[in-house]
Protein chains: 4
Amino acid sequence: LASTPERSREQAARWHTRGYGSLDEVLADEAVDVVHICTPNATHADFAARALAAGKHVVCEKPLATSVADAERLAALARETGLVATVPFVYRYHPLVREIRARRIAGEFGDWHLMHGSYLQDWMLSPAATDWRVDPDAGGASRAFADIGSHWCDLVEWTSGERFHRLVAEMSTSVPERPAAPGADAAAVRTEDSAGLVLRTASGVLASAVVSQVAAGRKNRLWFELDGARASAVFDQENPESVWIGAPDEARVLFRDPQTGSAEQRRLSVLPPGHPQGYAQCFDAFVADTYAAIDGAAPEGLPTFEDGLRATRVVAAAIRSASTATWTEI
Amino acid sequence: LASTPERSREQAARWHTRGYGSLDEVLADEAVDVVHICTPNATHADFAARALAAGKHVVCEKPLATSVADAERLAALARETGLVATVPFVYRYHPLVREIRARRIAGEFGDWHLMHGSYLQDWMLSPAATDWRVDPDAGGASRAFADIGSHWCDLVEWTSGERFHRLVAEMSTSVPERPAAPGADAAAVRTEDSAGLVLRTASGVLASAVVSQVAAGRKNRLWFELDGARASAVFDQENPESVWIGAPDEARVLFRDPQTGSAEQRRLSVLPPGHPQGYAQCFDAFVADTYAAIDGAAPEGLPTFEDGLRATRVVAAAIRSASTATWTEI
Amino acid sequence: LASTPERSREQAARWHTRGYGSLDEVLADEAVDVVHICTPNATHADFAARALAAGKHVVCEKPLATSVADAERLAALARETGLVATVPFVYRYHPLVREIRARRIAGEFGDWHLMHGSYLQDWMLSPAATDWRVDPDAGGASRAFADIGSHWCDLVEWTSGERFHRLVAEMSTSVPERPAAPGADAAAVRTEDSAGLVLRTASGVLASAVVSQVAAGRKNRLWFELDGARASAVFDQENPESVWIGAPDEARVLFRDPQTGSAEQRRLSVLPPGHPQGYAQCFDAFVADTYAAIDGAAPEGLPTFEDGLRATRVVAAAIRSASTATWTEI
Amino acid sequence: LASTPERSREQAARWHTRGYGSLDEVLADEAVDVVHICTPNATHADFAARALAAGKHVVCEKPLATSVADAERLAALARETGLVATVPFVYRYHPLVREIRARRIAGEFGDWHLMHGSYLQDWMLSPAATDWRVDPDAGGASRAFADIGSHWCDLVEWTSGERFHRLVAEMSTSVPERPAAPGADAAAVRTEDSAGLVLRTASGVLASAVVSQVAAGRKNRLWFELDGARASAVFDQENPESVWIGAPDEARVLFRDPQTGSAEQRRLSVLPPGHPQGYAQCFDAFVADTYAAIDGAAPEGLPTFEDGLRATRVVAAAIRSASTATWTEI
């Protein structure tokens, strides 16, 4: 199902599959087990609710919804129906992210002292760049932070085992006007290009994050450092084949390797070491785990609507903090 | 002049120079032109004031003072006496820091969108590690931020041309007890191990900084990224022989080179390219420029007591913000 | 078709496809258009010849054959039958390899001064490691150089546009005994673990290559540097998302990006920049181009049996040079 | 003493020291203990011999001489006189080079399997670039290899504990004509721009080296990798603050640190970790150790005229091999 019936037909022909004229048509088709929702953010809540109500499993793009209330409704609906409902926080599927997590659970790092990092892109650097995400009515009140900051927060929470409890955020719009749509006239931009945050976790760990879609030369630099009492870990999504483990007298560099390391690292490591794998394998593994869950399995770390709800709460807190210039609880 | 008359004598013998029994003795010696103050922070204000009053030029370690009022007094005294009074913000003397600054002045980066980075060390990671800086009575109320965060702020302001105007800071003490002095009993630590900040400059640019003395595996990682409308620049003090200049379609890596680049980059580049120079050359150049100023020159970027005063204001604002959990003006 | 009829059946069931009892059975099946030969090297010549004779298109693992005569026969057969016959020199399909090649063709580098690099692995480091490739009767007289050195030579020739004309090679077996097969008794190793070469191209360019399967910590480091009169290029297969372009006063770092660069770089760049792609996408693109060729297209850089033949000639020259300790023409 | 009496006077004035009109005048001055010879290569043999004959200690730039016979004479003279006679193979003084060496001696790497690397510069890339080294009458028959390849060979031999026994070399002159001197007319170049070598050590270890003065973007990249049965080590002179230690399941990165590691690493590590030191500290330490030897100490790894002689033998073998296109014993 694409944005128009014609585009649905064309795309279906290209993929040698069936196209649909409307979401109702999709939901009425008994052959459909799972619905993947990749539409603009503001439509997620309605579409996902209808799909769950129709008894379909759902993969819904993040942010799960543009309001916490909508996300709560969806998460409740997923719980009640018992259907599998997931959100593609796909960076959890980098094998070495799981290696850091496994070592954290094993106690290798000790208590965390500090967690920090950034998620930087430059696809909105040009004042001519635009997208439906620029418009809060389609994309929600937050752009950069909701779109990529939410990934950073999910990944750091899941990897570190910490939960952010309160935060102070500041947002910035560097490009004041952009075309309202590709080719349209310039209009005032009401969503942020960048955000800076200081956070505290429930257990008191200090954290810091910077997010931007206008950082020249940065493409998809989701980078974090977790500093523990015994060792530190650094992950860079653009170089996901190794992680840096710092200690006072030396650092170690771990490679992705199907033969070594933690069980989850091995499971997700589908190519020999030195034969780079990356984003595509993350996405494949996320979908495969979603389908395994539908088949009754309980794959580790599958990001569900609960995680999607969590992200909308973090985003809402960041918006609230930025607009009031105060520390805010999540 | 060392901490005791005996140690002064010993050290003087080792350096084939004259030792002194007291600061008064130093100040009374007409052969002394310049006094270098490297004592614990709380003594700076008194020693520097006495040296200036005695007509000596002064190089005073940062922080210039542990209170803004003291720093203001020193800066005023320097202005009034006309003596050369400098503070070793030595990282300004990395040739490629000056290259970024020269290119910024030439307009290569466009308006800044975002400035962020960190200064990370691990020399206080061990709970057994201690130092006079741990004690606020000797080192001042802030430890990590005053000691190294002040360097980060000075360097980013000087390089970018921006001035931080307001900030929100959060501080964290990960190691609750340390020996009060080497070999002493453990005592509650009253100074921070880490700090996280979000800042706005006077012109509205968003900034973020993370500072820690307990980041395992980090030694002296003063790192910053300046993201501009046309290009970005990244500098890493631990790899000061090159800088990364990001642009949407490619990045450039500039080398330190006495034959190319800006005038100041060439001037401070004292070794051929590929023959790494570093911290020692920074310190030497800072001292040489201080002495050149004494001889009447006006070397570019010489960090004076005005810069030292500025740093105490930033530190005071960070302390105030962290203790009140509010945004604070500098 | 696997090594035994049982394994064929099992694997076919797993892939929901048909299994075969023998190669004859495969070749007799009219539904089969293409045969992929992934068997031990010594069997390639016979299997590929039979497949071509049966009118099948062939994808044959490298080395195409363990003797130049066999490879010549296969290349001739491919020419005569007009069938598509390819060899998976898949590293040609890294988008940025094609970017270097396109810029070379456009004259960006000037005449080459020097070409050098290495291909390093460690999977044979343990004296317990073994494989059919250790046995020259199954794998051919050369192991490390034929297996991975051939990739390096193909990639450097194809990217640089140069042809190696003569060489001097030295081979080394660091682990003198290995099990003849997994679990078997140790036997003297008759194939090399490492090789070092100096080469000259037909146009006189000096080159150097090092190859090893016993370099601790190296996984699949196919690395080369091409030094030209105007600029240099460095590619590292383990970090294929960027290339380094050196010039006297700065270096540039190019990213893989579907929106920029040469036509072939864009075509093969199937993910947004910063979302790492790698080996899997290379292999997919190679197979897709093979199938496109079967459908009548002429995709750029498709490695054919001619390239496979070329590689066997380079390998044979290296073996000859190493055994005679003399410079040898290819 | 400079190239003319006038330049000697000027330079002496600048350094507040005494200038000399001739070498005889220097050697006649009883206040002179040590003579540093930094003149064109062809003059080294005569000057160093006269200095030793006059009872002076000597620091002589490498290559010690432009013929093996001259170097033998100088080494013999140094032995006979008992004077300290050193050659600035200064890269031995990088603290982490000594760390690799200490760990090798402790057996950490196991037997070597392979040693390889390169020394790349670009200061002769421009056809307008010239220097007295271009002329074999002033610089000797080999340029790139004698000048920088000799450093690579010395450093790898000293660090690894291996001795090269035989080699095959190929040399290449990419820029056929250069000015005979700055500003002079172009003349045919008779010395090489690049060299490639394969070597065997006395114990049978395979090695490979590439040397060039025309590699665009390379400044002083002296890089080597030593691959052992248990672990590998990589050193890059342009990033001398860390070394990479590879093992099958992870890599370690060692930092320079005055508090950790081997005794020699600590001794030469004069700055705190993360405060980059480099070439200047190497040179200082070499000179300090030379003077310590004059005062009767026996500092580890001091490069003497024996090492200088060794280098001339390696250079002579490379020239012989390149001109005869055969393997040659050193």
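Values reported hereafter were calculated over all heavy atoms of this structure, with side chains retained and with hydrogens, waters and symmetry mates removed. Labels below follow one simple rule: chain letters A, B, ... track the order of the sequence lines, proteins then strands, and each chain is numbered from 1.
To the nearest 0.5 Å, atom CG of residue A/Leu114 and atom OG of residue B/Ser194 are 5.0 Å apart. One finds the CG atom of A/Asp249 at 9.0 Å from the CG atom of B/Asp122 (value rounded to the nearest 0.5 Å).
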Working for side-chain contact (heavy atoms from CB on, under 4.5 Å), residues B/Val168 and A/Trp327: CA-CA 9 Å; B/Val168 59; A/Trp327 277 90; 3.8 Å; yes
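Only the backbone of A/Ala195 comes within less than 4.5 Å of a heavy atom in chain B; its side chain stays farther off. For B/Ala229, the part lying near chain A is the backbone, with the side chain staying farther off; criterion is any non-hydrogen pair under 4.5 Å. No part of B/Ala251 comes within reach of chain A, as not one of its non-hydrogen atoms sits under 4.5 angstrom from that chain. Heavy-atom distances place both the backbone and the side chain of B/Val198 under 4.5 Å from chain A. Only the side chain of B/Leu120 comes within less than 4.5 Å of a heavy atom in chain A; its backbone stays farther off. If you measure heavy-atom distances from B/His113 to chain A, the contacts under 4.5 Å come from both the backbone and the side chain. In this structure, no portion of B/Val205 lies under 4.5 Å from any heavy atom of chain A. Residue B/Glu225 touches chain A through its side chain alone, counting heavy-atom pairs closer than 4.5 Å.
Between chain B and the options A/Pro127, A/Ser172, A/Ser208, heavy-atom pairs under 4.5 Å are most frequent for A/Ser172. In terms of non-hydrogen atom pairs under 4.5 Å with chain B, the most contact-rich of A/Val175, A/Asp193, A/Val210 is A/Val210. Ranked by heavy-atom pairs under 4.5 Å with chain A, the list B/Lys219, B/Arg230, B/Arg200 is led by B/Arg200. When each of B/Ile245, B/Asp227, B/Leu226, B/Thr173 is checked for heavy-atom pairs under 4.5 Å with chain A, B/Asp227 comes out on top. The candidate with the highest count of non-hydrogen atom pairs below 4.5 Å against chain B, out of A/Met171, A/Arg218, A/His116, is A/Arg218. The most heavy-atom pairs under 4.5 Å with chain A, out of B/Gly217, B/Ala231, B/Ala325, come from B/Gly217. Residue with the most contacts toward chain A among B/Ser174, B/Gly204, B/Ser118, B/Ala207: B/Ser174 (heavy-atom pairs, distance under 4.5 Å).
Applying a 4.5 Å heavy-atom cutoff, none of the residues of residues 146-155 of chain B approach chain A.
For the pair B/Arg221 and A/Trp244, the cation-pi criterion (under 6.0 Å, within 45° of the ring axis) is not fulfilled.
Of the possible donor and acceptor atoms, one in the side chain of A/Ser232 sits under 3.5 Å from a partner among the backbone N and O of B/Ala216.
Between B/Glu170 and A/Arg166, at least one side-chain N (NZ, or NE/NH1/NH2) sits under 4.0 Å from a carboxylate O, which counts as a salt bridge.
Minimum heavy-atom separation, A/Leu206 to B/Gly196: CD2-N, 3.8 Å. When every heavy atom of A/Pro248 is checked against every heavy atom of B/Leu125, the shortest pair comes out as CG-CD2, 3.7 Å.
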